[in-house]
A.B. asks: 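Before anything else, here's the structure in question.
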Amino acid sequence: MKPENVVELDGSVLEGGGQLLRIAVALSTLLSKPIAIDNIRANRTPPGLKYQHAAGLRLAAEICSARLDGCDTGSSSIVFYPSTRPQLSKSYVADPGTAGSIALMLQLSLPCLIFSPAPVAPSELVLRGGTNATNAPQIDYTQHVFLPFIRKHFGLEPTLNVVKRGYYPKGGGEVHVSIPPVRGPLPAVTLTERGTVKTVYGRSYVAGLPKSLAESMRTAAVKVLTESGIDAANITIEAIREKPSDAVGSGSGIVLWAETEDGCVIAGSALGRKGTEPARVGREAARELVANLAHGGCVDEYMQDQIIIFLALAQGKSRVRTGPLTLHTRTAIWVAEQLSDAKFHVEESDNSAIIECEGVGYVPHNLDEASADVKTT
């Protein structure tokens with residue numbers, strides 16, 4: 001039976017994948033709004049919860065002592081009913097027992113732990129699973145692109161340490177994240193001028209494979225980047241073979257990120273695949289970066305949807321120039337407007353968009369303030 005005042009969401013809307021679930025549960029946790037989601041991941045094969053989604057849900061439920069119904073692998077419906085404000089300064093562990101994406105579990109849990117009405121010690125996350133998984137940001141993207149973005153623009157200071165890499169199909173990776181909270185509200189963001197590319201950094205890596213494969217990916221990526229007009233002197237890509245003690249299983253990939261004169265960071269990445277030449281993987285990552293630079297946006301296609309929840313929570317009007325709006329971003333906006341009073345407006349042109357958001361200026365109340373609010377209403 002669904003609780004009263006529950007916000008009901010259709011998980012098949014727009015992108016219809018796990019991202020809708022993650023944003024909805026994070027906002028439910030922060031805003032103490034019970035939610036019921038049906039048709040979860042209806043646009044995926046197979047639909048329903050996977051191990052990583054269930055692990056992320058259990059983590060969020062622990063953070064806010066939520067009643068959680070339907071949290072079984074394959075389930076297409078859940079009810080999530082927070083009973084407390086997020087409990088900070090604790091250590092939490094999430095482990096799907098598979099190579100499920102650590103970065104995606106962090107997408108759900110990080111917003112839940114960033115606010116506190118009073119100075120407290122950081123919250124600690126231990127996340128296990130896949131560090132470099134398909135259909136998800138690689139942990140290197142989280143570390144070198146996403147976290148620097150929220151540090152620069154929202155004043156958030158989480159730190160991330162990759163203890164062990166984990167690859168498909170075994171998983172076994174481990175990442176530690178420390179999250180010192182802020183009082184809030186988050187500042188609005190104005191980001192409409194990207195500036196010229198200053199430097200390109202990258203990490204070309206292998207685990208359980210010859211280092212020459214990482215070097216081949218790097219060489220191919222540099223060739224594409226220089227052909228696009230980026231000076232080779234401004235490109236620094238590490239080629240790394242992980243120590244056996246630092247990784248579980250074998251895998252390979254490359255993550256590139258360009259830093260601009262106006263402080264934007266734009267990325268491109270690719271994962272190695274069995275039967276695919278490493279040079280091709282390097283070219284794929286570089287071409288993705290070049291394409292993301294070509295549209296003139298201040299964030300890349302992966303950052304677009306990840307910042308929506310922060311814009312919704314911020315104080316005042318944000319304005320961010322992006323490339324073509326992705327379906328993930330449209331979905332994130334839809335969820336944020338269903339669960340909060342944030343208002344979004346998108347101006348789209350042929351190859352770019354400007355996202356405007358009037359945020360809610362979220363500030364957590366301490367228990368004394370909440371009691372006073374109740375007495376005076």
Side-chain angles (χ1 to χ4, degrees), residues 19 22-23 25-27 29-30 52 55-56 59-60 62-64 85-95 101-133 136-166 173-189 191 201 203 255 257 259 263-265 267 299-300 302-315 318 332 359 362-364:
Q19 182 231 32
R22 288 186 290 274
I23 295 177
V25 170
L27 285 171
T29 300
L30 275 177
Q52 72 186 38
L59 172 59
E62 184 181 357
I63 289 171
C64 64
R85 295 285 185 182
Q87 299 167 72
L88 308 178
S89 306
K90 296 177 65 176
S91 182
Y92 296 98
V93 179
D95 183 357
S101 170
I102 288 173
L104 294 182
M105 288 190 289
L106 183 60
Q107 275 186 23
L108 191 163
S109 53
L110 176 66
C112 302
L113 297 168
I114 58 175
F115 293 104
S116 172
V120 294
S123 301
E124 308 292 337
L125 291 175
V126 176
L127 303 176
R128 301 191 177 110
T131 53
N132 301 78
Q138 298 191 49
I139 201 66
D140 309 273
Y141 180 94
T142 304
Q143 191 168 31
H144 296 291
V145 183
F146 175 73
L147 292 184
F149 183 96
I150 64 171
R151 189 174 300 126
K152 178 180 177 64
H153 297 290
F154 296 114
L156 300 170
E157 296 285 347
T159 56
L160 184 152
N161 177 36
V162 181
V163 176
K164 190 181 289 284
R165 299 261 167 178
E174 183 168 316
V175 171
H176 294 181
V177 186
S178 181
I179 307 169
V182 297
R183 174 73 176 94
L186 301 179
V189 174
L191 199 56
Y201 296 101
R203 187 177 191 276
V255 181
W257 59 96
E259 298 182 358
C264 299
V265 184
V299 295
D300 60 47
Y302 305 108
M303 185 69 73
Q304 260 189 46
D305 63 285
Q306 292 188 67
I307 64 173
I308 295 301
I309 188 172
F310 299 97
L311 300 182
L313 295 168
Q315 176 75 58
S318 294
Y362 175 79
V363 175

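The shown structure was predicted, so the numbers you read here are calculated from the model rather than taken from an experiment. What's counted below: heavy atoms across the whole structure, side chains too, no hydrogens, waters or symmetry copies.
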A.B. asks: Is there a side-chain contact between Asn132 and Tyr141 (heavy atoms, below 4.5 Å)?
C.D. replies: no
A.B. asks: Please walk me through it: do Leu160 and Leu106 pass side-chain contact (heavy atoms from CB on, under 4.5 Å)?
C.D. replies: CA-CA 10 Å; Leu160 184 152; Leu106 183 60; 4.1 Å; yes
A.B. asks: If you compare all heavy atoms of Ala332 against all heavy atoms of Gln19, which two are closest, and at what distance to 0.1 Å?
C.D. replies: CB-NE2, 3.6 Å
A.B. asks: Looking only at heavy atoms, what is the nearest atom pair of His144 and Val265, with distance?
C.D. replies: O-CG1, 4.2 Å
A.B. asks: Do Ile23 and Asp305 make a side-chain contact, defined as non-hydrogen atoms from C-beta onward lying under 4.5 Å apart?
C.D. replies: no
A.B. asks: Can you measure from NE2 (His176) to OG1 (Thr159) and round to the nearest 0.5 angstrom?
C.D. replies: 11.5 Å
A.B. asks: Between Val182 and Phe115, is there a side-chain heavy-atom distance shorter than 4.5 Å?
C.D. replies: yes
A.B. asks: Nearest 0.5 angstrom please: Ile63 CD1 to Ser123 OG, how far?
C.D. replies: 7.5 Å
A.B. asks: If I compare all heavy atoms of Met303 with all of Asp300, which pair ends up nearest, and what's the gap?
C.D. replies: N-OD1, 2.9 Å
A.B. asks: Take Leu110 and Ile150 through the side-chain contact (heavy atoms from CB on, under 4.5 Å) test and state the conclusion after the steps.
C.D. replies: CA-CA 11 Å; Leu110 176 66; Ile150 64 171; 3.9 Å; yes
A.B. asks: Mind checking salt bridge (Lys or Arg N to Asp or Glu O under 4.0 Å) for Glu124 and listing every partner two or more places apart, or none if nothing turns up?
C.D. replies: none
A.B. asks: Would Ile179 and Leu156 satisfy side-chain contact (heavy atoms from CB on, under 4.5 Å), going step by step from the backbone distance to the final call?
C.D. replies: CA-CA 8 Å; Ile179 307 169; Leu156 300 170; over 6 Å; no
A.B. asks: Any chance you could measure Ser91, atom OG, to Leu125, atom CG, to the nearest 0.5 Å?
C.D. replies: 8.0 Å
A.B. asks: First locate atom CG of Leu88, then atom CD1 of Ile114, and finally report the distance between them rounded to the nearest 0.5 Å.
C.D. replies: 10.5 Å
A.B. asks: Check whether any side-chain heavy atom of Tyr92 sits under 4.5 Å from a side-chain heavy atom of Gln87, and report yes or no.
C.D. replies: yes
A.B. asks: I'd like to know if Arg165 and Asp140 make a salt bridge, using a cut-off of under 4.0 Å between side-chain N and carboxylate O.
C.D. replies: yes
A.B. asks: Could you grab the distance from atom CG of Leu30 to atom OH of Tyr362, nearest 0.5 Å is fine?
C.D. replies: 5.0 Å
A.B. asks: Taking Ser101's backbone N and O only, do any of them form a donor-acceptor pair with Gln52's side chain (distance below 3.5 Å, no angle check)?
C.D. replies: yes
A.B. asks: Could you check whether any side-chain heavy atom of Leu127 comes within less than 4.5 Å of a side-chain heavy atom of Leu59, counting everything from C-beta outward?
C.D. replies: yes
A.B. asks: Restricting to salt bridge (Lys or Arg N to Asp or Glu O under 4.0 Å), what partner residues turn up for Glu259, sequence neighbours left out?
C.D. replies: none
A.B. asks: Can you tell me if Arg151 uses its side chain to pair, donor with acceptor, with the backbone of Pro158 under 3.5 Å?
C.D. replies: yes
A.B. asks: What is the minimum heavy-atom distance between Arg203 and Trp257, and which atoms define it?
C.D. replies: N-CZ3, 4.1 Å
A.B. asks: In terms of relative ring orientation, are Phe146 and Phe310 parallel, tilted or perpendicular, with 30° and 60° separating the classes?
C.D. replies: tilted
A.B. asks: What's the spacing between Arg22 CZ and Ser109 OG if we round to 0.5 Å?
C.D. replies: 11.0 Å
A.B. asks: Taking all heavy atoms of Thr29 and all of Ala60, pick out the closest pair and write down the distance.
C.D. replies: OG1-CB, 4.2 Å
A.B. asks: Looking only at heavy atoms, which two atoms of Thr131 and Lys164 are closest? And how far apart?
C.D. replies: CG2-O, 3.7 Å
A.B. asks: Below 4.5 Å, heavy atoms only, C-beta onward: do Arg85 and Pro117 meet side chain to side chain?
C.D. replies: no
